[in-house]
Amino acid sequence: MLDIKLIRENPDFVVEKLKLRNEDTSEILKIQEIDKKRLEYIKKSGYLKEYKNKMSDEIGKIKAKKEDAADKIAEMKNVADDIKLLDEELKKLDLEIRNLLYYIPALPGENIPYGKSPEDNIEVRKLGETKKFNYKIRDHLELGKINDIIDFERGAKISGSGFPLYKGKGATLERSLINFMLDTHISRGYIEVITPVLVNRKSMEAAEKVPKFEEDMYRIEPDDLFAIPTAEVPIINIHRNEILKQDELPLKYCGFTNCFRREAGSYGKDTKGFLRVHQFNKVELVTFCTPETSCEETEKMLNDACYILDELKIYYRVIELCTGDLGFSASKCYDIEVWSYAENKWLEASSVSNCTDFQSRRGLIRYKKLLENRKTKTELVHILNGSGLATSRLMVALLEANQTGDGHVLVPKVLRKYTGFDII
RNA sequence: AGAGAGAUGGCUGAGUGGUUGAAAGCGGCGGUCUUGAAAACCGUUGAUGCCUUUGGUAUCCGGGGGUUCGAAUCCCUCUCUCUCUGCCA
């Protein structure tokens, strides 16, 4: 969530930034009005409470002397009622503001390319090699079928469409990819975690997935738990409501989880095979760092994700999202897209976002900042998340790019010690 | 799932109605001593909001509600943790 103080003190700046995202900014005005009222109530209630505290103290002293304080107690009864009414109003205003604030996205960072749609995103890098095939290539569905390594039909029988079943060498390849990615990230300074994949509402709120995106989430009704759409959610919440030490930052985690997305509203789009699924596997990267370092940490994380594709020898590109295409919580975002030879298009395999303090404010994740005069200040950390990477679309690119003329698939060299076989 | 116990600051842990925002210890930070370090000693050390900001004030003792002039302390409720029993990978 945004800082109410920023809206209070610098509303024009906020509106200007939100306009870059093509956001409706009328809510900001509403928030300002309610906030003004709220501050008045806070003051009034504060004064009354100060009086109450003083008088209660006096009553205590009078009673200690065994004297009569009936008239004072009678007066304070009324004051207590007034305070109660004020605080009830205050609570209502607070809730009103929060309910508006929860739907306002993060402000785009500085120097983010302006744009209205994905067409305005900017290609930053293109790496790897394109391949030339002198035979007719098969798409990942066909390759999955003829090698009996991915079975979408039976997955659908078990759960519904979009729940893939990996079999035989397909399952081994998937597991190998995950292990390879984890090992690589661990060796580059990330702490591995295995997290819960069902999380409570508070965790979803801190990650800014709820209430705005509640419809996109699988939810376990009787317990009010959510199936995570990404490991970003549980990993961020490792430190919810905590104050970290400055010298333990940057704190970097990596973790593999299954991810679950209802993909409500996207039916009929990219429905083929792995292109859009309800359950997929992903190794996630999360960094907690100081505001001063979040920009350079974003670049580092991007490199960490790219490194995986370099090693796998996959052809990919990096694009920087324009202001209009930024995700709800992100101030800056890079997407990594892998090339699909069969679909003849780029597929998003990773997204590396700097969410600055947008999530840490909601989840109260802070650190003790050391100041020059030996004092300390508690400040919100910046949180970055990135996929490193999701396997489903990577699998599309990998199978297609490494296919042989007779429908087999060569295993990338770096994976062979994990798979134990060279070819599928 | 049943029975019981508990939740207090970075940590351990005192505190059962009125200078307790909270003893004590540990840890952290600063200093004295020392060639340096350790030890010892001294000092210091929570968060958040609001305001007329070298300060004042309010709120916060798991969450929410209640009783009271006044609640960490009493009552209700929820959540979580631990112990025992049951069940189970």
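Numbered from 1 within each chain, the chains take letters A, B, ... in sequence-line order.
- Rounded to whole angstrom, the span from the CD atom of A/Q246 across to the P atom of B/C29 amounts to 13 Å.
- If you take CD on A/E88 and OG on A/S45, they are separated by 11.5 Å, rounding to the nearest 0.5 Å.
- In this structure, a donor-acceptor pair under 3.5 Å is present between the side chains of A/N200 and A/S203.
- A pairwise comparison of heavy atoms in A/S340 and A/V396 identifies OG-CG1, 4.2 Å as the closest pair.
- Counting to the nearest Å, the C1' atom of B/G46 and the CG atom of A/N241 are 14 Å from each other.
- Rounded to whole angstrom, the span from the CD atom of A/E242 across to the C1' atom of B/A47 amounts to 15 Å.
- Between B/U19 and B/A58, the distance separating the two P atoms is 14 Å to the nearest Å.
- Of the candidate nucleotides B/C51, B/C69, B/G66, B/C69 has the atom nearest to the side chain of A/I73.
- Residues satisfying the side chain to side chain donor-acceptor pair (under 3.5 Å) test with A/K17, not counting sequence neighbours, are none.
- Rounded to whole angstrom, the span from the CG atom of A/L244 across to the P atom of B/G10 amounts to 12 Å.
- A/F163 meets the ring-ring contact (aromatic ring centres under 6.0 Å, His included) test with A/H278; sequence neighbours excluded.
- Cation-pi geometry between A/R362 and A/Y102 is met: under 6.0 angstrom from the ring centre, within 45 degrees of the axis.
- Between A/L48 atom CG and B/C69 atom P the separation is 16 Å, expressed in whole Å.
- Regarding contacts with the backbone of B/C50, a side-chain N or O of A/R8 is found under 4.0 angstrom from either OP1 or OP2.
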Tabulated below should be each protein N or O lying under 3.5 Å from an N or O of nucleotides 54-62 of chain B; please produce it.
unit_1, atom_1, unit_2, atom_2, d
B/A58, OP1, A/N53, ND2, 3.1

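- Counting any heavy atom pair closer than 4.0 Å across all strands shown, A/K5 reaches sugar-phosphate atoms only and no base atom.
- Within 6.0 Å of NZ in A/K212 there are more than 12 heavy atoms belonging to other residues, nucleotides or ligands.
- Contacts of A/H382 classified as ring-ring contact (aromatic ring centres under 6.0 Å, His included), with partners at least two apart in sequence or in another chain: none.
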Distance-only donor-acceptor pairs under 3.5 Å for side chains of residues 105-117 of chain A, two or more places apart:
unit_1, atom_1, unit_2, atom_2, d
A/S117, OG, A/E119, N, 3.3

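- A/K43 comes within 4.0 angstrom of the backbone, heavy atoms only, and of no base.
- Of the options A/S387, A/S350, A/S351, a side-chain hydrogen bond (donor to acceptor under 3.5 Å, both in side chains) to A/D335 is made by A/S351 and by none of the others.
- For the C1' atom pair drawn from B/G25 and B/G15, the interatomic distance equals 15 Å after rounding to whole Å.
- Taking CG of A/D216 as the start and CZ of A/F226 as the end, the distance is 11.5 Å to the nearest 0.5 Å.
- Nucleotides B/C87 and B/G2, compared at atom C1', are 12 Å apart to the nearest Å.
- Applying a 4.0 Å cut-off to non-hydrogen atoms, the residues of residues 358-369 of chain A that approach RNA chain B are A/R366, A/K368, listed by residue number.
- Mapped onto RNA chain B by nearest heavy atom, A/K245 and A/K72 fall at different nucleotides, with A/K245 at the one closer to the 5' end.
- One atom, CD1 of A/I243, and another, C1' of B/G28, lie 14 Å apart when rounded to the nearest Å.
- Pairs of residues two or more places apart, or lying in two chains, that qualify as ring-ring contact (aromatic ring centres under 6.0 Å, His included) and include a residue from residues 173-193 of chain A are A/H185-A/Y190.
- Base pairing in RNA chain B yields stems of at least 3 consecutive Watson-Crick or G-U pairs, both distances under 3.5 Å, namely B:1-7 with B:79-85, B:10-12 with B:24-26, B:27-32 with B:40-45, B:46-51 with B:55-60, B:62-66 with B:74-78.
- B/A39 and B/G28 have their P atoms separated by 9 Å, with the value rounded to a whole Å.
- Shown are A/R219, A/K202, A/M204; of these, the side-chain contact (heavy atoms from CB on, under 4.5 Å) with A/V210 is made only by A/M204.
- Of the C1' atoms belonging to B/G21 and B/G4, the separation is 32 Å, rounded to the nearest Å.
- Residues from residues 204-211 of chain A with heavy atoms under 4.0 angstrom of RNA chain B: there are none.
- Sorted by first and then second residue, the side-chain hydrogen bond (donor to acceptor under 3.5 Å, both in side chains) pairs involving residues 61-74 of chain A (not counting sequence neighbours) form an empty list.
- Residue pairs satisfying the salt bridge (charged side-chain N to carboxylate O under 4.0 Å, His left out) criterion with at least one member in residues 280-289 of chain A, sequence neighbours excluded, are listed as follows: A/K282-A/E284.
- Ring centers of A/F274 and A/F152: under 6.0 Å apart, within the cut-off.
- The gap from the P atom of B/G17 to that of B/A72 amounts to 13 Å, rounded to the nearest Å.
- Using a 4.0 Å heavy-atom distance criterion, A/R201 is classed as making no nucleic acid contact.
- Rounded to whole Å, the distance from CE on A/M1 to P on B/U48 is 14 Å.
- Nucleotides B/G9 and B/G46 are separated by 6 Å at their C1' atoms, to the nearest Å.
- Judged by a 6.0 Å distance limit and a 45° cone about the ring axis, A/K54 is not positioned over the six-membered ring of A/Y51.
- B/G13 and B/U8 have their C1' atoms separated by 9 Å, given to the nearest Å.
- As rounded to whole Å, 15 Å separates atom C1' of B/U48 from atom CD1 of A/I4.
- Note that the CZ atom of A/R366 and the CG atom of A/D357 stand 12.5 Å from one another [nearest 0.5 Å].
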Hey, what are the protein-to-nucleotides 18-23 of chain B N/O distances that come in under 3.5 Å?
unit_1, atom_1, unit_2, atom_2, d
B/G18, N2, A/S56, O, 2.7

